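The block underneath contains the structure these notes are about, expressed in structure tokens.
This one's a predicted model, so the numbers in the text were calculated from it and none came from an experiment. Values below: all heavy atoms of this structure, side chains included; hydrogens, waters and symmetry mates excluded.
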Amino acid sequence: MASYDQQFKVLEVPPIVQELVGAGVQEPPSQYVLPEQDRPAAAVTEMPEPIPIIDLSRLSAGSAEEFDKLRSALENWDLFLAVGHGMEPSFLAEAMKVTREFFNLPLEEKQKYSNIVDGEKLGMDGYGNDMVVKENQVLDWNDRLNLLVEPESLRTYRLWPTQPPSFRDILSEYTVKCKAAANLVFRNMAKILNLQEEHLVNMIGENSITQAIFNYYPQCPRPDHVLGLKAHTDGSIITVNFADAEGLQLQKNGIWYNVPIVPNALVMNVGDIMEILSNGFFKSLVHRVVTNAEKERLSLVLVYTLELETELAPVSELVDDKRPARYMKIKLNDYMEKYHDTYATGTLAIDGVKI
């Protein structure tokens with residue numbers, strides 16, 4: 001059985017991408033190079049319409065217009081841009097600053113928080129990058145720091161950086177503020193599904209797992225051959241993403257589109273758990289991150305899930321004769337095991353539980 005502190009046996013531990021770039025690598029090592037059919041196109045299709053920007057303060061005040069915009073965004077794009085979330089630009093700038101300062105630390109300092117256990121296993125928390133669990137697995141051009149942030153009782157503080165000094169306080173405050181925004185969205189998603197407003201918030205409860213992922217995407221000498229993050233969906237209810245530069249792309253009807261950067265906006269997208277709970281009413285967003293030859297990119301992501309022992313299945317109120325269950329029942333910890341395997345091979349775990 002998977003548990004949050006489960007360790008994954010890996011075939012190899014990849015190099016730190018930041019170190020490759022620092023050493024002046026001119027060509028990405030072969031394990032980062034995508035098969036030709038998966039390489040990002042130089043020109044990305046223009047969006048047929050802008051991604052909706054939702055003002056959460058207006059949504060909280062009961063604006064019918066904002067509620068309709070949220071419904072439209074989730075039905076048409078599987079994500080939206082959130083403003084009015086209660087976080088000052090100065091605070092978001094500080095969150096991005098401590099992220100940058102962590103990745104700018106000397107390697108030996110960052111490796112105090114390594115996710116490598118006994119040289120051949122990787123933990124869920126800590127600093128590193130891809131789990132190599134398959135032969136010929138194509139690697140992502142990024143380094144990351146994963147930290148469980150909720151519930152607080154499960155935090156592994158020895159893996160929380162002490163440098164920069166404000167890192168822990170900023171992350172704790174960011175977690176609290178994002179949770180308030182996420183709960184507001186959960187209440188409105190429940191209303192869209194014609195459920196009781198508190199249905200999803202109550203289901204998530206106090207013991208569900210939220211993971212913070214700090215991503216660093218260094219400059220890449222061959223952005224046409226390499227992805228920062230391969231195409232995937234998230235194993236989440238929703239995911240909240242704050243980034244300092246463009247690079248995130250979403251897929252809709254087989255076409256890739258750039259997700260724009262709106263100053264101080266959060267990107268909030270639907271994940272696999274929500275697709276299952278909603279019986280397919282909401283769809284998990286297929287997305288990826290492209291690389292850039294000129295500039296680096298940073299992002300801070302919060303992934304909202306459930307307790308690992310939860311049995312995932314469509315909410316009973318959303319299943320009837322006209323719309324039978326479209327997803328089989330599966331425990332979340334078993335689903336996450338499948339998720340890690342499918343991520344490594346570039347396939348989607350959600351496809352394996354559809355009926």
Side-chain angles (χ1 to χ4, degrees), residues 4-8 10 12-22 28 31-32 95-107 109-117 121-133 137-149 155-156 158-161 163-164 167-168 170-171 174-175 178 209-220 226-236 239-245 247-248 267 269 271 287-292 296-305 336 339-340 343-344 346:
Y4 188 78
D5 57 2
Q6 183 191 19
Q7 295 162 5
F8 293 82
V10 293
E12 64 174 289
V13 176
I16 295 295
V17 180
Q18 191 174 4
E19 295 299 301
L20 290 176
V21 174
Q31 67 259 50
Y32 294 92
M96 197 53 71
K97 180 170 175 273
V98 297
T99 303
R100 181 174 287 104
E101 287 176 354
F102 171 77
F103 284 108
N104 285 342
L105 291 171
L107 180 61
E109 177 68 24
K110 288 180 290 199
Q111 285 187 326
K112 292 178 183 176
Y113 311 105
S114 173
N115 60 359
I116 302 169
V117 182
K121 295 178 182 174
L122 293 189
M124 289 292 290
D125 269 10
Y127 168 68
N129 43 35
D130 281 354
M131 293 181 187
V132 182
V133 295
Q137 179 179 332
V138 178
L139 302 183
D140 295 330
W141 195 259
N142 89 336
D143 302 319
R144 51 189 94 103
L145 172 67
N146 286 18
L147 296 171
L148 178 145
V149 291
R155 290 180 180 179
T156 307
R158 65 181 172 78
L159 293 173
W160 284 49
Q163 297 294 327
F167 184 97
R168 292 182 174 197
I170 293 284
L171 178 54
Y174 187 80
T175 300
C178 276
I209 300 246
T210 305
Q211 189 176 30
I213 307 172
F214 298 81
N215 291 294
Y216 175 68
Y217 302 92
Q219 301 98 317
C220 180
V226 175
L227 284 171
L229 212 55
K230 63 177 72 70
H232 66 290
T233 57
D234 293 334
S236 66
T239 302
V240 179
N241 186 345
F242 179 59
D244 70 341
L248 179 64
V267 178
N269 67 266
H287 56 291
R288 67 185 184 186
V289 175
V290 293
T291 55
N292 190 298
E296 63 187 19
R297 179 181 185 270
L298 293 163
S299 69
L300 170 49
V301 178
L302 287 187
V303 179
Y304 291 91
T305 68
M336 293 316 295
Y339 180 87
H340 289 298
Y343 182 82

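Counting heavy atoms from C-beta on, the side chains of Asp234 and Tyr304 never come closer than 4.5 Å. Residues His287 and Leu229 have side chains not in contact (no heavy-atom distance under 4.5 Å, counting atoms from C-beta outward). The side-chain heavy atoms of Leu148 and Thr210, taken from C-beta on, include no pair separated by under 4.5 Å. In this structure, Met124 and His340 have side chains that are in contact, with non-hydrogen atoms separated by less than 4.5 Å. A heavy-atom distance below 4.5 Å is found between the side chains of Leu145 and Pro161. Tyr216 is listed as a side-chain neighbour of Glu296, based on a closest heavy-atom distance under 4.5 Å. Put simply, the side chain of Phe103 does not reach to within 4.5 Å of the side chain of Leu105, judged on heavy atoms.
For the 3.5 Å distance criterion, the side chains of Asn129 and Asn142 fail to qualify, holding no donor opposite an acceptor. In the model, Asp125 has no side-chain atom that pairs as donor or acceptor with a side-chain atom of Asn146 under 3.5 Å.
Taking the six-membered ring for Trp, Phe214 and Phe167 have ring centres closer than 6.0 Å. The aromatic ring centres of Tyr127 and Phe102 sit less than 6.0 Å apart.
Counting only distance, with no hydrogens or angles, the side chain of Trp141 and the backbone of Gln219 share a donor-acceptor pair below 3.5 Å. Side chain of Thr291 to main chain of Gly228: no donor-acceptor pair is present (N/O by atom type, distance under 3.5 Å, no hydrogens or angles). Formation of a donor-acceptor pair under 3.5 Å by the Glu101 side chain with backbone atoms of Gln163 is not found in this model. When atom types are taken as modelled, the side chain of Arg297 and the backbone of Ala245 share a donor-acceptor pair closer than 3.5 angstrom.
Nearest heavy atom pair, residue Leu159 against residue Ser114, reads CD2-O, 4.0 Å. Nearest heavy atom pair, residue Asn215 against residue Tyr217, reads CB-CE1, 3.5 Å. The shortest heavy-atom contact between Cys178 and Leu302 is CB-CD1, 3.4 Å. Closest non-hydrogen pair, Cys220 versus Val226, comes out as SG-CB, 3.8 Å. Taking all atoms of both residues into account, the shortest heavy-atom contact from Ser236 to Val303 is CB-CG1, 3.5 Å. Scanning both residues, Leu300 and Ala95, for their nearest heavy atoms gives CD2-CB, 4.3 Å.
To the nearest 0.5 Å, atoms CZ (Arg155) and CG (Leu147) are separated by 9.5 Å. Remark: Gln211 CD to Thr239 OG1 distance equals 10.5 Å, nearest 0.5 Å. Atoms CZ and CG, from Phe242 and Leu298 in turn, are 10.5 Å apart once rounded to the nearest 0.5 Å.
Evaluation of the salt bridge (charged side-chain N to carboxylate O under 4.0 Å, His left out) rule for Arg144 yields Asp130, Asp140 as partners, not counting sequence neighbours. Taking the salt bridge (charged side-chain N to carboxylate O under 4.0 Å, His left out) definition, one finds that Arg168 meets it with nothing, sequence neighbours left out. Among residues two or more places apart in sequence or in another chain, the salt bridge (charged side-chain N to carboxylate O under 4.0 Å, His left out) test is passed with Glu19 by none.
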For this session: Please report the C-alpha distance between Val301 and Val240 in whole Å, then the side-chain angles of each, then the deciding distance to 0.1 Å, and finally whether the side-chain contact (heavy atoms from CB on, under 4.5 Å) criterion is met.
Result: CA-CA 6 Å; Val301 178; Val240 179; over 6 Å; no
For this session: Go through the steps for Gln137 and Gln31 under the test side-chain contact (heavy atoms from CB on, under 4.5 Å), then give the verdict.
Result: CA-CA 7 Å; Gln137 179 179 332; Gln31 67 259 50; over 6 Å; no
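Checking Val289, Leu248, Ile213 one by one against Asn241, the side chain to side chain contact (heavy atoms under 4.5 Å, CB included) holds for a single residue, Leu248.
Salt-bridge check for Asp143 with Lys110: failed, with every basic side-chain N at 4.0 Å or more from each acidic carboxylate O.
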